[in-house]
Undergrad: 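Below are the structure tokens for one structure; questions will follow.
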Protein chains: 2
Amino acid sequence: MSAWEELLAQAGHRVTEPRRLVMQLLLASETPLSPQTLFESARVQHHNLGLVTIYRTLELFESLGLVCRVHLKDGCHGYLAVSPGHHHFVICERCGGSVEFPGGDDLRALIADIEARTGYRIEEHLLQLLGLCPNCQGK
Amino acid sequence: MSAWEELLAQAGHRVTEPRRLVMQLLLASETPLSPQTLFESARVQHHNLGLVTIYRTLELFESLGLVCRVHLKDGCHGYLAVSPGHHHFVICERCGGSVEFPGGDDLRALIADIEARTGYRIEEHLLQLLGLCPNCQGK
DNA sequence: CCCTTATTGATAGTTTTTTTCAATAAGAAG
DNA sequence: CTTCTTATTGAAAAAAACTATCAATAAGGG
């Protein structure tokens with residue numbers, strides 16, 4: 001039983017075929033996947049899968065912190081599997097590939113600075129970088 | 001003629017009533033506004049305004065960097081006026097109020113670090129913080 | 001292996017966004 | 001100030017994205 005399956009079960013949710021498929025696809029993908037894409041891919045294996053289930057599954061996964069909704073350049077939503085504790089991605093504008101990176105001291109310093117300046121108490125952050133991956137540079 | 005109007009004109013676009021209204025509303029608002037909200041508010045003054053125009057206007061403004069699409073906690077889109085050069089916001093999770101902050105040295109350091117680590121060439125970033133504004137803390 | 005109940009898929013509905021096209025109005029030119 | 005060109009608009013309709021409802025199914029505890 002993989003880590004996320006245990007997490008699911010421990011939270012009182014069932015490990016089902018559709019959920020397994022969605023997670024498999026997300027874990028295997030470098031690029032963020034849209035609900036629609038997930039639907040089409042998963043459907044290949046689970047013939048009578050409903051799109052609704054994808055939405056529900058993503059919502060559940062997100063609420064458990066297994067998955068992260070990211071924002072593509074055109075404003076559409078995509079989902080990426082998240083390794084525990086890290087929630088930041090660099091996304092390649094050309095090929096869509098993504099790499100997760102840890103929010104290190106720089107980010108902590110930045111947040112502390114902003115709390116001091118604005119008086120806001122910061123509880124969550126969304127940091128996403130867009131650029132070109134090594135492969136797509138110079139092409 | 002305000003700054004953004006000049007920018008519009010210089011880019012070869014016309015300064016029209018709907019565009020003036022949308023920008024006015026965005027400039028006057030502390031909180032991100034959705035296309036729908038903008039539509040309803042602007043309609044009060046411009047009686048036969050079409051929702052389509054809002055979408056087109058926001059798209060145009062965004063392409064000119066006058067406006068920034070931000071992502072609310074529930075995943076919906078909102079738009080905020082952007083002062084030139086700055087593109088970061090802290091948004092209050094309780095009242096929706098927002099404050100823009102400059103991406104300072106910390107952020108530059110962070111980005112340089114990530115470029116070194118991942119090999120990506122970073123061209124754009126989206127940093128958004130969620131928290132509680134001074135007013136809403138402790139309530 | 002059975003039973004309870006979370007989960008699913010089909011259907012239908014709502015909301016959001018895009019497309020198309022004739023009518024309108026901004027702003028350059030006279 | 002008036003005329004002309006053409007970007008922009010609004011209405012209507014369509015497509016896409018997402019949500020709600022509910023009977024049928026299947027996960028997993030007993």
Side-chain angles (χ1 to χ4, degrees), chain A residues 1-2 4-25 32-64 66-67 69-79, chain B residues 1-2 4-25 32-64 66-67 69-79:
Chain A
M1 184 124 98
S2 56
W4 68 268
E5 287 184 353
E6 266 180 60
L7 216 153
L8 248 203
Q10 273 171 23
H13 301 283
R14 294 178 181 173
V15 176
T16 66
E17 179 73 1
R19 287 174 183 173
R20 224 176 282 128
L21 283 173
V22 169
M23 186 48 93
Q24 242 168 53
L25 287 167
L33 301 176
S34 68
Q36 194 59 47
T37 306
L38 282 165
F39 174 56
E40 281 155 21
S41 305
R43 209 178 204 191
V44 175
Q45 295 170 71
H46 192 89
H47 195 268
N48 65 333
L49 178 68
L51 177 54
V52 212
T53 301
I54 304 287
Y55 280 105
R56 283 187 290 224
T57 300
L58 289 172
E59 192 187 352
L60 174 65
F61 284 0
E62 200 186 9
S63 78
L64 293 172
L66 295 171
V67 141
R69 193 208 294 249
V70 299
H71 304 269
L72 278 24
K73 207 179 185 188
D74 58 3
C76 289
H77 298 307
Y79 289 81
Chain B
M1 187 122 98
S2 56
W4 67 269
E5 288 185 352
E6 265 179 62
L7 217 153
L8 248 201
Q10 272 171 24
H13 302 284
R14 295 180 180 171
V15 177
T16 67
E17 179 72 3
R19 287 175 181 171
R20 224 176 282 129
L21 283 172
V22 169
M23 185 49 91
Q24 240 170 54
L25 287 167
L33 301 175
S34 69
Q36 193 59 47
T37 306
L38 281 165
F39 175 55
E40 281 155 20
S41 305
R43 209 178 204 190
V44 175
Q45 294 170 70
H46 193 88
H47 195 267
N48 65 333
L49 178 69
L51 176 54
V52 211
T53 301
I54 304 287
Y55 280 102
R56 284 186 290 224
T57 300
L58 290 172
E59 193 186 352
L60 174 65
F61 283 0
E62 200 185 10
S63 78
L64 294 173
L66 295 170
V67 142
R69 193 207 295 251
V70 299
H71 305 268
L72 276 24
K73 208 180 183 186
D74 57 3
C76 291
H77 297 308
Y79 289 81

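In what follows, every chain begins at residue 1, and chains take the letters A, B, ... in the order their sequences are listed. All values below come from the heavy atoms of this structure, side chains included, with hydrogens, waters and symmetry mates left out.
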Undergrad: Say you draw a straight line from CG of B:L60 to CG of B:L8; how long is it, rounded to the nearest 0.5 Å?
TA: 6.0 Å
Undergrad: Between C1' on C:dG27 and CZ on B:R20, what's the gap in Å once rounded to a whole number?
TA: 13 Å
Undergrad: Go through B:E59 and B:R56 one step at a time and tell me if the salt bridge (Lys or Arg N to Asp or Glu O under 4.0 Å) criterion holds.
TA: CA-CA 5 Å; B:E59 193 186 352; B:R56 284 186 290 224; over 6 Å; no
Undergrad: Starting at atom CZ of B:F39, determine the distance to atom P of C:dT15, rounded to an integer number of angstrom.
TA: 14 Å
Undergrad: May I ask you to evaluate whether A:T53 reaches the phosphate of C:dG9, defined as a side-chain N or O under 4.0 Å from OP1 or OP2?
TA: yes
Undergrad: If I take atom CG in residue B:L60 and atom P in nucleotide C:dA26, what distance separates them, rounded to the nearest angstrom?
TA: 16 Å
Undergrad: B:T16 side chain N/O closer than 4.0 Å to the phosphate oxygens (OP1, OP2) of D:dA7?
TA: no
Undergrad: Kindly give the heavy-atom pair with the smallest separation between A:L38 and A:V22, and that separation in Å.
TA: CD2-O, 4.2 Å
Undergrad: In whole Å, what is the span from the CG atom of A:L49 to the C1' atom of D:dA24?
TA: 16 Å
Undergrad: Can you check whether A:H46 has a side-chain N or O nearer than 4.0 Å to OP1 or OP2 of C:dG9?
TA: yes
Undergrad: Short question: side chain of A:R19, backbone of A:R14 - any donor-acceptor pair under 3.5 Å?
TA: yes
Undergrad: Within the pair B:H13 and D:dA7, is there a side-chain N or O less than 4.0 Å away from OP1 or OP2?
TA: no
Undergrad: Round to the nearest Å and state the distance from B:R19 atom CZ to D:dT9 atom C1'.
TA: 9 Å
Undergrad: Tell me, do A:L25 and A:T37 make a side-chain contact under 4.5 Å, heavy atoms counted?
TA: no
Undergrad: Rounding to a whole Å, what distance do you find between B:N48:CG and D:dA11:C1'?
TA: 10 Å
Undergrad: Identify the pairs formed between an N or O of the protein and an N or O of nucleotides 18-23 of chain D at a distance under 3.5 Å, and give each distance.
TA:
residue : atom : partner : partner atom : Å
D:dC18  : OP2  : A:Y55   : OH           : 3.0

Undergrad: Between A:Q36 (CD) and C:dT17 (P), how many Å, whole number?
TA: 16 Å
Undergrad: Between P on C:dT8 and CZ on A:R43, what's the gap in Å once rounded to a whole number?
TA: 15 Å
Undergrad: If you look only at pairs with a residue in residues 35-61 of chain B, which of them pass as a ring pair (Phe, Tyr, Trp, His ring centres under 6.0 Å), with sequence neighbours excluded?
TA: B:W4-B:F61
Undergrad: Would you mind checking if A:R43 and A:E40 are paired as a salt bridge, meaning a charged N to carboxylate O distance below 4.0 Å?
TA: no
Undergrad: So, is A:R14 close to the D:dA26 phosphate, meaning a side-chain N or O under 4.0 Å from OP1 or OP2?
TA: no
Undergrad: It should be established whether A:H47 places a side-chain nitrogen or oxygen under 4.0 Å from OP1 or OP2 of nucleotide C:dG9.
TA: no
